[in-house]
Each structure stands twice: as C-alpha cells, then as structure tokens.
Amino acid sequence: MKRLFLIAFVLLTANGFAQNWTNNFEEAKATAAKENKNILLVFSGSDWCAPCIKLDKNVWQSAEFKTYAEGNLVLLRADFPKKKANVLPEELKNANLALAEKYNKEGFFPFVVVLDKTGKVIARKGYENQTAEKYIAELQALIK
C-alpha cells in the first residue's frame with residue numbers, strides 16, 4: 001500500500017511540473033487570449049543545435065521556469081530538426097516555416113520571441129548561457 005501511494009505521489013508531482021508546449025500558433029493565441037497571457041515562441045533545432053539543447057535543458061526543463069511559465073506564458077515551439085528520424089509532418093513543417101518568415105527572418109537558433117495574445121511582438125531574445133533564474137528575470141524585464 002505504501003508503494004502504491006508513493007508511485008501515485010511521484011506521478012502527480014511530476015505531472016504538476018509538466019509543461020504544455022504547443023506547436024499550433026492559432027491554438028496558442030486562443031489560449032493566451034482566454035488566460036490573458038503572453039506567448040513565448042521558441043525557434044529551435046532540437047536535434048542539431050547545441051545552444052538549443054542547452055537552453056532546453058538548463059532553462060525550459062527547470063522547475064523555476066516551469067513554475068513561472070505556468071502562471072505567465074503560453075509556450076509555443078517552432079522546431080526545425082534535421083535528422084531523418086525526427087522529420088516533421090509536412091503541415092507542421094510549413095507552419096514552422098511561416099512562423100520563421102514572420103518572426104525569425106534572420107534564421108537565428110535558438111531564438112525566443114515574446115508575443116502578446118494577438119501575436120504582436122513584445123520582445124526578442126537570443127541565446128545566453130545562463131541560469132533559469134537569470135533567464136526568467138531578463139524575460140520579465142523585457143516584457144514590462
């Protein structure tokens with residue numbers, strides 16, 4: 001019985017820190033409008049871009065960022081993988097390219113764009129090797 005309780009507790013705790021990333025821009029805007037939040041749009045190369053992988057590991061996956069994002073952001077990822085094993089469906093690939101054409105014409109990776117609930121750009125941020133706490137503080141300063 002104790003083991004069952006422990007397993008349930010671990011699963012519930014882990015689920016509490018889960019992030020809800022979407023790859024659908026219209027869905028992100030609808031959620032942002034409903035919840036009165038900004039959209040954090042991340043351009044990444046998840047299987048080839050070393051800074052993208054570091055940003056994911058050091059910031060996006062941190063408990064601090066997950067807590068901050070839950071109350072303040074709608075998370076939207078535009079991924080551009082290169083490995084054949086990670087190829088995206090054509091519709092998603094085209095949607096990501098459209099987002100890049102509008103918000104990341106220079107093609108930087110990783111690149112973070114903060115949008116309001118209508119899709120208007122509030123701030124842009126490139127990669128810096130920093131802690132989650134520092135990244136959150138910089139995001140907050142850019143948003144205000």
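Bear in mind that the values here come from a model prediction, so they are computed numbers and not experimental data.
- Taken to the nearest 0.5 Å, the SG atom of Cys49 stands 9.0 Å off from the OH atom of Tyr127.
- Between the side chains of Thr118 and Asp116, at least one donor N or O sits under 3.5 Å from an acceptor N or O.
- Between the side chain of Asn94 and the backbone N or O of Ala98, no donor-acceptor pair lies under 3.5 Å.
- Separation of atoms CZ (Phe65) and CG (Asn58) is listed at 13.0 Å; rounding is to 0.5 Å.
- In terms of hydrophobic clustering, with Ile, Leu, Val, Met, Phe, Trp and Tyr side chains grouped at heavy-atom distances under 4.5 Å, Leu99 and Val121 are assigned to a common cluster.
- A donor and an acceptor atom, one from each side chain of Lys37 and Asn72, are nowhere located under 3.5 Å apart.
- In this view, Asn23 and Leu92 satisfy the side chain to side chain contact (heavy atoms under 4.5 Å, CB included) rule, not counting sequence neighbours.
- Rounded to the nearest 0.5 Å, atoms CG (Leu41) and CG (Asn104) are 8.0 Å apart.
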N/O donor-acceptor pairs under 3.5 Å from side chains in residues 130-138, not counting sequence neighbours:
from, atom 1, to, atom 2, distance (Å)
Gln130, OE1, Lys125, NZ, 3.2
Gln130, NE2, Glu138, OE2, 3.2
Thr131, OG1, Glu133, OE1, 3.4
Thr131, OG1, Lys134, N, 3.1
Lys134, NZ, Glu138, OE2, 3.4
Glu138, OE1, Lys125, NZ, 2.5

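- Residues Trp48 and Phe109 bring their aromatic ring centres within 6.0 Å.
- Separating the CG atom in Leu73 from the CG atom in Leu139 is a distance of 7.0 Å, to the nearest 0.5 Å.
- With sequence neighbours excluded, no residue forms a salt bridge (charged side-chain N to carboxylate O under 4.0 Å, His left out) with Asp79.
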